[in-house]
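What follows is one structure encoded as structure tokens, with my remarks underneath.
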Number of protein chains: 2
Amino acid sequence: MSRRDQILDVALELLERDGVESLTMRSIAEAVGMRAPSLYKHVPDKRSLEAGLIARGLAAQAGVFERAARKRSPLAALAQAYRGWAREHPHLYRLMTDGPLPRDLLPPGVEAAAAAPLLAVTGNVGRARALWGLAHGLVSLELAGRFPPGADVDAAWRVGIAAFAATTTGSRSRSTS
Amino acid sequence: MSRRDQILDVALELLERDGVESLTMRSIAEAVGMRAPSLYKHVPDKRSLEAGLIARGLAAQAGVFERAARKRSPLAALAQAYRGWAREHPHLYRLMTDGPLPRDLLPPGVEAAAAAPLLAVTGNVGRARALWGLAHGLVSLELAGRFPPGADVDAAWRVGIAAFAATTTGSRSRSTS
DNA sequence: GTCTATAGTGGGATAGAC
DNA sequence: GTCTATCCCACTATAGAC
């Protein structure tokens with residue numbers, strides 16, 4: 001395992017424990033067991049380090065979403081998987097969604113792989129993006145703590161999914177090609 | 001007009017022009033025409049200054065959303081108003097949604113006022129939150145530049161609104177009480 | 001491939017004179 | 001209510017010795 005991968009491992013742990021604000025070259029270096037300047041022998045700059053974490057997140061999502069899309073109610077399962085993954089990795093999720101993807105630094109295909117299950121389940125791009133919007137909106141309001149205290153977030157998800165399920169009846173009998 | 005309000009005016013301009021990252025006590029002071037330490041004679045700290053901006057944003061949204069909710073297709077009009085406001089005030093929008101509301105520093109009622117039109121149009125809280133999720137998700141992905149280049153965001157909005165409209169038929173004949 | 005030293009920049013906030 | 005001076009903190013990144 002390359003030193004770069006070790007650094008990414010440690011950075012990911014740090015990110016998921018303490019959040020984006022705490023992910024500094026200094027803190028990463030300390031956790032790895034070296035001084036901050038030494039990191040630059042393995043990683044060109046911070047942006048590429050973050051891109052490495054984002055790539056891992058997209059790959060992980062792809063796996064989880066693919067499995068969900070094969071369940072009985074793929075749309076509901078996918079929504080649940082989306083929310084679940086975000087709640088398990090809130091800081092990584094925010095890093096992945098708070099700004100434009102560093103597409104120039106991402107392994108080719110990783111963005112498409114994460115999106116593919118959603119596209120397969122919804123059947124077309126417009127519906128996929130709308131459902132993504134719903135899921136991302138509910139997730140990010142929840143992660144940000146923006147709902148009023150005591151808000152029934154589960155209920156909001158049920159209503160949203162039901163609305164989409166009602167308009168996606170045609171895709172159930174369609175193959176995933 | 002109090003000196004505090006003048007400071008908030010300037011801070012709001014600065015925020016909307018340059019973004020949250022550029023909104024520093026130093027930059028605000030310079031734009032006001034004083035030194036940073038002097039700000040603390042009018043505002044206890046940065047957090048309360050930001051809370052003042054958020055309160056203004058919520059009040060502005062309340063006005064815009066109320067007007068939209070009185071149009072012929074209230075749900076679609078509200079969605080369009082939501083997106084439009086966010087695009088006109090992207091940095092303020094992010095300040096308002098990226099974290100928990102500083103409810104302890106907000107004028108009472110201002111959060112509810114911004115939410116009321118949405119609640120009136122959707123008819124119940126679950127549907128209101130689901131629609132908010134959809135709108136916030138699409139808006140924040142758009143503002144963050146997270147959609148792939150060339151993505152048809154308008155189409156995603158149409159699909160999402162159509163899905164909700166199909167499940168909200170009962171509210172059209174209901175009064176806003 | 002690691003280190004020390006340091007450049008260069010920025011931030012929020014306080015003390016105390018006037 | 002404004003100022004100067006300052007504290008203390010943090011960050012990314014580079015130079016150059018070893």
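Note on naming: letters A, B, ... go to the chains in the order of the sequence lines (proteins, then strands), and numbering restarts at 1 for each one.
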Atom [atom1] of [X] and atom [atom2] of [N]: how far apart are they, to the nearest Å?
{"X": "B:Glu30", "N": "D:dT4", "atom1": "CD", "atom2": "P", "value": "13 Å"}
{"X": "B:Gln6", "N": "D:dT2", "atom1": "CD", "atom2": "C1'", "value": "15 Å"}
{"X": "B:Leu14", "N": "C:dG11", "atom1": "CG", "atom2": "P", "value": "11 Å"}
{"X": "B:Arg26", "N": "D:dA10", "atom1": "CZ", "atom2": "C1'", "value": "12 Å"}
{"X": "B:Glu21", "N": "D:dA10", "atom1": "CD", "atom2": "P", "value": "19 Å"}
{"X": "B:Asp18", "N": "C:dG11", "atom1": "CG", "atom2": "P", "value": "12 Å"}

message: Once you measure the plane-to-plane angle for B:Trp132 and A:Phe147, does it fall in the parallel (<30°), tilted (30-60°) or perpendicular (>60°) bin?
response: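 Plane angle over 60°, so perpendicular.
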query: What are the two closest heavy atoms between A:Leu105 and A:Ala51, and how far apart are they?
result: CB-CB, 3.6 Å
Over all atoms of both residues, closest heavy-atom pair of A:Val43 and A:Ser48: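 Where A:Val43 meets A:Ser48 most closely, the heavy atoms are CG1-OG, 3.5 Å.
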Ignoring hydrogens and angles, write down the donor-acceptor pairs under 3.5 Å from the side chains of residues 134-144 of chain A, residues two or more places apart or on other chains.
{"from": "A:His136", "atom 1": "ND1", "to": "A:Tyr93", "atom 2": "OH", "distance (Å)": "2.6"}
{"from": "A:His136", "atom 1": "NE2", "to": "B:Ser140", "atom 2": "OG", "distance (Å)": "3.1"}
{"from": "A:Ser140", "atom 1": "OG", "to": "A:His136", "atom 2": "O", "distance (Å)": "3.2"}
{"from": "A:Ser140", "atom 1": "OG", "to": "B:His136", "atom 2": "NE2", "distance (Å)": "3.0"}
{"from": "A:Glu142", "atom 1": "OE1", "to": "A:Arg83", "atom 2": "NE", "distance (Å)": "3.1"}
{"from": "A:Glu142", "atom 1": "OE2", "to": "A:Arg83", "atom 2": "NH2", "distance (Å)": "3.1"}

query: For DNA chain C, what residues of residues 32-51 of chain B have any heavy atom nearer than 4.0 Å?
result: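 By residue number: B:Pro37, B:Tyr40, B:Asp45, B:Lys46.
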query: Which residues pass the ring-ring contact (aromatic ring centres under 6.0 Å, His included) test with A:His89, sequence neighbours left out?
result: A:Trp85
- prompt: Heavy atoms under 4.0 Å, any strand shown: does A:Arg3 hit a base, just sugar-phosphate, or nothing?
  reply: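 Since only primed, P, OP1 and OP2 atoms lie under 4.0 Å of A:Arg3, the category is sugar-phosphate.
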- request: May I ask you to say whether B:Asp9 pairs ionically with B:Arg4, meaning some side-chain N is under 4.0 Å from a carboxylate O?
  value: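 Not counted as a salt bridge, because no side-chain N and carboxylate O are separated by less than 4.0 Å.
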